[in-house]
Enquirer: 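What follows is a single structure, and I will ask about it in a moment.
What's counted below: heavy atoms across the whole structure, side chains too, no hydrogens, waters or symmetry copies.
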Amino acid sequence: MKHFITILAAIVLLMSWTQQASAQIATHVVISEVYGGGGNGGSTWTNDFVELYNPTAIAIDMTGWSVQYSSATGSTWASNPTALSGIIASHGFYLVQELQGAGGTISLPTPDAIGIIAMSGSNGKVALVNTTTALTGTDPHLDASVVDFVGYGTTPNGFEGSGATGTALTNTTSAERRAKNNSTYPDSMGFGGADSLKGNGWDTNDNAADFVVHGLLPDPQNSSSPLETPPSLGNISPSIGTVS
């Protein structure tokens, strides 16, 4: 009986761990990548962009939603939020193109929405909002209309969790949401990497923990990009044979 109880307790602990791990995959559309160096000196892409990802099992209609931006320490959000429309597929991406700079050599993939927001190439705040009403305040991430919020760089005074994404971005780097826990690194998420097709759905509501700085080359994806599936951590079956 004692061995049975030990095995049962181990199974319960393992199931609890896998459920907690899978619960960190967001249950809503998330901001999956932000890049503000478009068109700046030394940049590859001609435009700033915000990439969205849908980690859920259903397609979501983005009509009436918006992407909004404020400077790192600002309290004024874009007076003309970028209006969104159309569908973001389950495990699919949605590309929001922002202002074009004078430099850059490559146009973005066909955007799903187009705005004229000039994003900072190093530090800023981006919000995904389920209305087109402009936000107010320095840190509105708890506003009921905010679906997701990212303070990127080192100086934002608004962010989710313990801090902003960290290292200030450059004209050749972006902030990209992890595919899974902190074993996700920029190289594993790059082309051909172990996590390159696992989506960008990791969400602990902490920008500092949920994002990495992508220095290989910002990689904007749109609604025509291949679907990506998040890790199915909750489907791991405990093995009694491996329990001491």
Side-chain angles (χ1 to χ4, degrees), residues 29-53 62-86 88 93-136 138 140-141 146-159 164-165 167-177 200 207 211 213-215 217-225:
V29 178
V30 295
I31 297 169
S32 54
E33 189 171 10
V34 293
Y35 173 66
N40 295 348
S43 67
T44 298
W45 301 109
T46 57
N47 292 72
D48 301 338
F49 70 83
V50 177
E51 178 195 275
L52 309 178
Y53 175 68
M62 306 298 290
T63 303
W65 292 30
S66 65
V67 162
Q68 302 189 28
Y69 170 84
S70 180
S71 63
T73 58
S75 59
T76 301
W77 294 77
S79 59
N80 49 350
T82 303
L84 310 182
S85 63
I88 181 170
F93 293 90
Y94 186 106
L95 183 61
V96 183
Q97 175 180 288
E98 296 298 352
L99 195 67
Q100 180 174 346
T105 57
I106 304 177
S107 297
L108 297 178
T110 303
D112 299 294
I114 297 176
I116 56 173
I117 298 173
M119 299 168 58
S120 166
S122 54
N123 304 275
K125 296 174 292 195
V126 177
L128 174 62
V129 186
N130 63 16
T131 73
T132 56
T133 302
L135 298 171
T136 59
T138 58
H141 79 272
V146 173
V147 178
D148 198 23
F149 190 99
V150 178
Y152 68 90
T154 58
T155 62
N157 57 9
F159 42 77
T165 61
T167 308
L169 302 184
T170 70
N171 296 336
T172 58
T173 61
S174 65
E176 184 173 15
R177 184 178 292 277
N200 299 95
N207 292 165
F211 283 80
V213 174
H214 199 313
L217 179 65
D219 181 26
Q221 298 175 85
N222 62 11
S223 58
S224 297
S225 298

Enquirer: Does a donor on one side chain sit under 3.5 Å from an acceptor on the other, for Thr82 and Gln68?
Expert: no
Enquirer: Grab the two heavy atoms, one from Phe149 and one from Pro140, that are nearest each other, plus how far apart they are.
Expert: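 What the structure gives for the nearest pair is CE1-CD, 3.8 Å.
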Enquirer: Are the side chain of Arg177 and the backbone of Ile31 linked by a donor-acceptor contact shorter than 3.5 Å?
Expert: yes
Enquirer: Over all heavy atoms of both residues, which pair between Gly124 and Pro156 is shortest? Give the atoms and the distance, please.
Expert: O-CG, 3.6 Å
Enquirer: What pair of heavy atoms forms the shortest contact from Ala134 to Ala78, and how long is it?
Expert: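 Of all heavy-atom pairs spanning Ala134 and Ala78, the closest is CB-O, 3.8 Å.
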Enquirer: Would you check if Asn47 and Leu99 make a side-chain contact, meaning some heavy-atom pair closer than 4.5 Å?
Expert: no
Enquirer: Could you grab the distance from atom OG of Ser85 to atom CG of Asp112, nearest 0.5 Å is fine?
Expert: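 So the OG of Ser85 and the CG of Asp112 are separated by 9.0 Å.
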Enquirer: Verify the neighbour count for atom CD1 of Ile106: are there more than 12 heavy atoms of other residues, nucleotides or ligands below 6.0 Å?
Expert: yes
Enquirer: When rounded to the nearest 0.5 angstrom, what distance separates OG1 in Thr131 from CH2 in Trp65?
Expert: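 The distance works out to 10.5 Å.
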Enquirer: Just by distance, do the side chain of Asp48 and the backbone of Ala118 share a donor-acceptor pair under 3.5 Å?
Expert: no
Enquirer: Do Lys125 and Ser71 come within less than 4.5 Å of each other through their side chains, counting heavy atoms only?
Expert: no
Enquirer: State whether the side chain of Tyr35 and the backbone N or O of Asn171 hold a donor-acceptor pair below 3.5 Å, judged by distance alone.
Expert: yes
Enquirer: Quick one: does any side-chain atom of Tyr152 pair with a main-chain N or O of Ala168 as donor and acceptor, under 3.5 Å?
Expert: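 Pair absent, no side-chain N/O of Tyr152 close to backbone of Ala168.
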Enquirer: Quick check: does any side chain N or O of Glu51 sit under 3.5 Å from a backbone N or O of Gln221, one acting as donor and the other as acceptor?
Expert: yes
Enquirer: Starting at CE of Met119, measure out to CD of Glu98 and round the result to the nearest 0.5 Å.
Expert: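 Between atom CE of Met119 and atom CD of Glu98 there are 7.0 Å.
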Enquirer: I need the Tyr69 OH to Ile117 CD1 distance, nearest 0.5 Å.
Expert: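 Going from OH on Tyr69 over to CD1 on Ile117, the span is 9.0 Å.
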Enquirer: Has the side chain of Ser223 got a donor or acceptor atom that lies under 3.5 Å from a matching backbone atom of Tyr94?
Expert: no
Enquirer: Side-chain contact test, heavy atoms from C-beta onward, threshold under 4.5 Å: evaluate it for Leu52 versus Val30 and give yes or no.
Expert: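 Sidechains of Val30 and Leu52: no contact.
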Enquirer: Do you know the tightest heavy-atom contact between Ala164 and Gly153?
Expert: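 Minimum heavy-atom separation between Ala164 and Gly153: CB-O, 3.5 Å.
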Enquirer: Is there a side-chain contact between Leu84 and Val67, using heavy atoms and a 4.5 Å cut-off?
Expert: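 Yes, their side chains come closer than 4.5 Å.
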Enquirer: What heavy-atom pair brings Pro220 and Pro218 nearest, and what distance separates the two atoms?
Expert: CD-O, 3.3 Å
Enquirer: Rounded to the nearest 0.5 Å, how far apart are CG of Leu108 and CZ of Phe49?
Expert: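 It is 6.5 Å, given to the nearest 0.5 Å.
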Enquirer: Has Asn207 got a side-chain atom pairing as donor or acceptor with Thr165's backbone, closer than 3.5 angstrom?
Expert: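 Pair absent, no side-chain N/O of Asn207 close to backbone of Thr165.
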Enquirer: Can you confirm whether Val96 sits close enough to Pro111 that some side-chain heavy atom of one is under 4.5 Å from a side-chain heavy atom of the other?
Expert: no
Enquirer: With a 4.5 Å cut-off on side-chain heavy atoms, are Thr44 and Thr172 touching?
Expert: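 No; the side chains remain at least 4.5 Å from each other.
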Enquirer: Could you verify whether a donor N or O on one side chain and an acceptor N or O on the other, from Glu176 and Asn200, lie under 3.5 Å apart?
Expert: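 There is such a pair (donor and acceptor under 3.5 Å, judged by atom type) between the side chains of Glu176 and Asn200.
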Enquirer: Between the main-chain N or O of Thr154 and the side-chain N or O of Asn123, is there a donor-acceptor pair closer than 3.5 Å?
Expert: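 Flag set: sc Asn123 to bb Thr154 pair under 3.5 Å.
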Enquirer: Would you say the side-chain atoms of Thr46 and Gln100 include a donor-acceptor pair closer than 3.5 Å?
Expert: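 No, no side-chain donor-acceptor contact under 3.5 Å.
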Enquirer: Closest heavy-atom contact between Thr73 and Thr155?
Expert: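 Nearest pair, atom of Thr73 first, then Thr155: CG2-O, 3.8 Å.
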Enquirer: Do Thr138 and Asn157 have a side chain donor and acceptor closer than 3.5 Å?
Expert: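 Per modelled atom types, Thr138 and Asn157 side chains form no pair under 3.5 Å.
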Enquirer: How long is the gap from CD on Gln97 to CG on Asn222, to the nearest 0.5 Å?
Expert: 11.0 Å
Enquirer: For the backbone of Gly39 and the side chain of Ser43, can you confirm whether one donor and one acceptor N or O come within less than 3.5 Å of each other?
Expert: yes
Enquirer: Would you say that Leu128 contacts Met62 through its side chain, given a criterion of any heavy-atom pair below 4.5 Å between the two side chains?
Expert: yes
